[in-house]
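Sharing a structure with you now.
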Amino acid sequence: MNKKLLKAILVLVGISFVGCSGTKMAFNLNEIEKNRVIKNADGYLNAKPETVTASFCTRSAGTNHDFYSEGDYWWPDTQNPDGPYIRKDGLTNPANFNNHREALIRFSQISGALASAYILTKNQKYVDQLAVHLKAWFVNENSKMNPNLLYAQAIKGIATGRGIGIIDTIHLIEVAKAVQAIQDSSALSKADLTTIKLWFSDYLKWLSTHEYGITERDNGNNHSVCWTMQVAAFADLTNDKATMEFCRNIYKNTLLPNQMAENGSFPLELKRTKPYGYSLFNLDAMASICQILSTKEDNLFTFTTKEGLNLNLGLQFMKPFIANKSSWSYQKDVMYWEEWPVRQSSLLFGGMALHNKSYLDLWKSLKADFTNPEVIRNMPVRYPLLWIN
């Protein structure tokens, strides 16, 4: 048996490879995830779809089919209660309309769990239930969401929507991954699958051509990274090779060189009032881009700029602070400091791609399921079987 065939078999039964130090490493993601995935998926078997049409905010300038959210850090001005909101960076206003975000996150959680359970068991009940939710969001005329984000992260008295709101749909990434995982099953008809992919294709076009999308792409911090992560994932689902190559070039020529410092940190995130959480978030998003777009011929995990910047440098910077948060030498986050870290996907994706056992061991030691809304909102990768398989 040749080495390539042997390696392929080992990958199927639970990844086994030789690490950089020459020591053999075994890592069975299916076994690690099995109990958690099945438990979560079984909990969603009777869940009813809830799309953007289930609730409407009178402050929205859109229709009941349009996603609407409000800027997190914007508050009423106590000096001018009826005037425009004012910004308080890092402090989330709990009174803002959040229903559509919550519905989208719920949809992502349901999709990730059910599709992952199907990967593990091939049980039809999981894909049949997932199909109900997919059709509600993307196919059924009375409940589907319009494929744009014209009204996301609005600010009272200032904007009916903003490009910065595009970050809200990072939670559609695992939905797209779930569609890929079940597309060869019998749960979706050809017509429904085509309609779902057309929805993502339309949204991808909007993200790439509308002024909000262009502004978000060029934002310069984690928003640019998350734009690229989304566009790469949706292009992968719709087999848009040209857009995937465009995203590879953005990662190599813009995101990595413009956002990472020579020590592997992200200076733009360290300036924020939640530097720890934002640094984790940005590193996870970059690793996700590498996971989506890497090929045998073009491995983004090992790509290094002429200045010596690469993803592993970012992991090396953050790893000690993930393993021991008390060693964090920068400002503490103004909110949710105690909630981080959890199972950061950068450790998993980087550990597997770079054959680094220490990253994988650290990932396994962290919390897999979490309930804090802020953590959930900033963790678009919750079901890694969708990404690895």
Side-chain angles (χ1 to χ4, degrees), residues 55-62 66-105 149-171 211-213 215-227 230 259 265-285 318 321 325 328-342 344 370-380:
S55 58
F56 183 77
C57 179
T58 56
R59 293 187 293 276
S60 172
D66 289 304
F67 181 95
Y68 177 75
S69 65
E70 296 179 309
D72 295 287
Y73 307 142
W74 293 84
W75 296 70
D77 184 353
T78 55
Q79 303 300 315
N80 183 17
D82 296 324
Y85 278 12
I86 59 175
R87 190 169 187 260
K88 299 180 181 180
D89 188 31
L91 301 177
T92 300
N93 182 355
N96 284 342
F97 181 83
N98 215 32
N99 296 35
H100 290 174
R101 270 186 180 166
E102 291 172 354
L104 186 60
I105 289 171
L149 237 62
L150 288 169
Y151 310 103
Q153 293 211 22
I155 305 170
K156 182 182 176 182
I158 296 178
T160 57
R162 297 179 295 159
I164 204 170
I166 287 171
I167 204 168
D168 284 348
T169 47
I170 57 174
H171 299 288
E211 62 176 300
Y212 284 1
T215 300
E216 184 75 339
R217 181 196 68 197
D218 299 336
N219 191 295
N221 62 3
N222 65 79
H223 283 265
S224 295
V225 178
C226 286
W227 181 92
Q230 290 187 68
Q259 293 198 33
S265 68
F266 298 117
L268 293 174
E269 309 309 327
L270 292 176
K271 291 179 181 178
R272 300 297 296 273
T273 58
K274 293 188 285 191
Y276 185 75
Y278 274 117
S279 293
L280 290 171
F281 177 58
N282 205 42
L283 184 59
D284 278 359
M318 283 303 298
F321 303 129
K325 188 170 59 176
W328 180 249
S329 53
Y330 301 87
Q331 177 185 332
K332 285 186 177 182
D333 294 8
V334 294
M335 295 180 73
Y336 308 110
W337 169 254
E338 300 299 332
E339 303 296 333
W340 299 102
V342 292
Q344 309 302 145
F370 27 84
T371 58
N372 182 274
E374 176 76 0
V375 176
I376 292 172
R377 185 170 70 89
N378 290 291
M379 286 292 293

Between atom CZ of R377 and atom CG of L104, what is the distance when rounded to the nearest 0.5 Å?
12.5 Å
Short side-chain to backbone donor-acceptor contact, D89 and R272, under 3.5 Å
no
E269 vs S279, test: side chain to side chain contact (heavy atoms under 4.5 Å, CB included). Steps then yes/no.
CA-CA 6 Å; E269 309 309 327; S279 293; 4.0 Å; yes
On a heavy-atom basis, the closest approach of P84 and D77 is O-CB, 3.9 Å
Student check: side-chain heavy atoms of W74 and I158 closer than 4.5 Å:
yes
Has the side chain of H100 got a donor or acceptor atom that lies under 3.5 Å from a matching backbone atom of Y68?
yes
Over 12 non-hydrogen atoms of neighbours within 6.0 angstrom of NZ in K325:
yes
How far does NZ of K156 sit from OH of Y85, to the nearest 0.5 angstrom?
5.0 Å
Where do Q344 and L283 land on the side chain to side chain contact (heavy atoms under 4.5 Å, CB included) test, with the steps shown first?
CA-CA 9 Å; Q344 309 302 145; L283 184 59; over 6 Å; no
Heavy-atom nearest pair, Y73 first then W75, reads O-CD1, 3.6 Å
Which class fits the ring pair W328 and W337: parallel under 30°, tilted 30 to 60°, perpendicular over 60°?
tilted
Quick one: list whatever passes salt bridge (charged side-chain N to carboxylate O under 4.0 Å, His left out) with E70, sequence neighbours left out.
R59
Determine the minimum heavy-atom distance between P76 and I86, stating which atoms define it.
O-CG1, 4.3 Å
Output, in order, the C-alpha distance, side-chain angles, deciding distance and verdict of side chain to side chain contact (heavy atoms under 4.5 Å, CB included) for W340 and N378.
CA-CA 11 Å; W340 299 102; N378 290 291; 3.9 Å; yes
Taking S224 for the side chain and N219 for the main chain, is one N or O donor matched with an acceptor at less than 3.5 Å?
yes
Heavy atoms of N96 and G71 approach each other most closely as ND2-O, 2.7 Å
Rounded to the nearest 0.5 Å, what separation is found between the CD1 atom of I105 and the CE atom of M379?
12.5 Å
Would you give the length of the straight line joining atom OH of Y151 to atom CZ of R162, rounded to the nearest 0.5 angstrom?
15.5 Å
Does the side chain to side chain contact (heavy atoms under 4.5 Å, CB included) test come out yes or no for D72 and R101, once each step is laid out?
CA-CA 11 Å; D72 295 287; R101 270 186 180 166; 2.6 Å; yes
Judged by atom type as modelled, is there a donor-acceptor pair below 3.5 Å linking the side chain of Q259 to the main-chain atoms of N221?
yes
Taking N282's backbone N and O only, do any of them form a donor-acceptor pair with N222's side chain (distance below 3.5 Å, no angle check)?
no
Determine yes or no for a side-chain-to-main-chain donor-acceptor pair under 3.5 angstrom, with W227 supplying the side chain and G213 the backbone.
yes
About how many Å separate CD1 of I167 and NE2 of H171, when rounded to the nearest 0.5 Å?
8.5 Å
Side-chain donor-acceptor pairs of residues 329-336 under 3.5 Å, sequence neighbours excluded:
{"unit_1": "D333", "atom_1": "OD1", "unit_2": "Y276", "atom_2": "N", "d": "2.8"}
{"unit_1": "D333", "atom_1": "OD2", "unit_2": "G277", "atom_2": "N", "d": "2.9"}

Kindly compute the distance separating CD (E339) from CD1 (I376), expressed to the nearest 0.5 Å.
10.0 Å
So which heavy atom on G165 is nearest to which on L149, and how close?
O-CD2, 3.2 Å
Report yes or no: does H223 contribute a side-chain atom to a donor-acceptor pair with the main-chain N or O of I166 at less than 3.5 Å?
no
Heavy-atom closest pair (C226 atom, I170 atom, distance to 0.1 Å) is CB-CG2, 3.9 Å
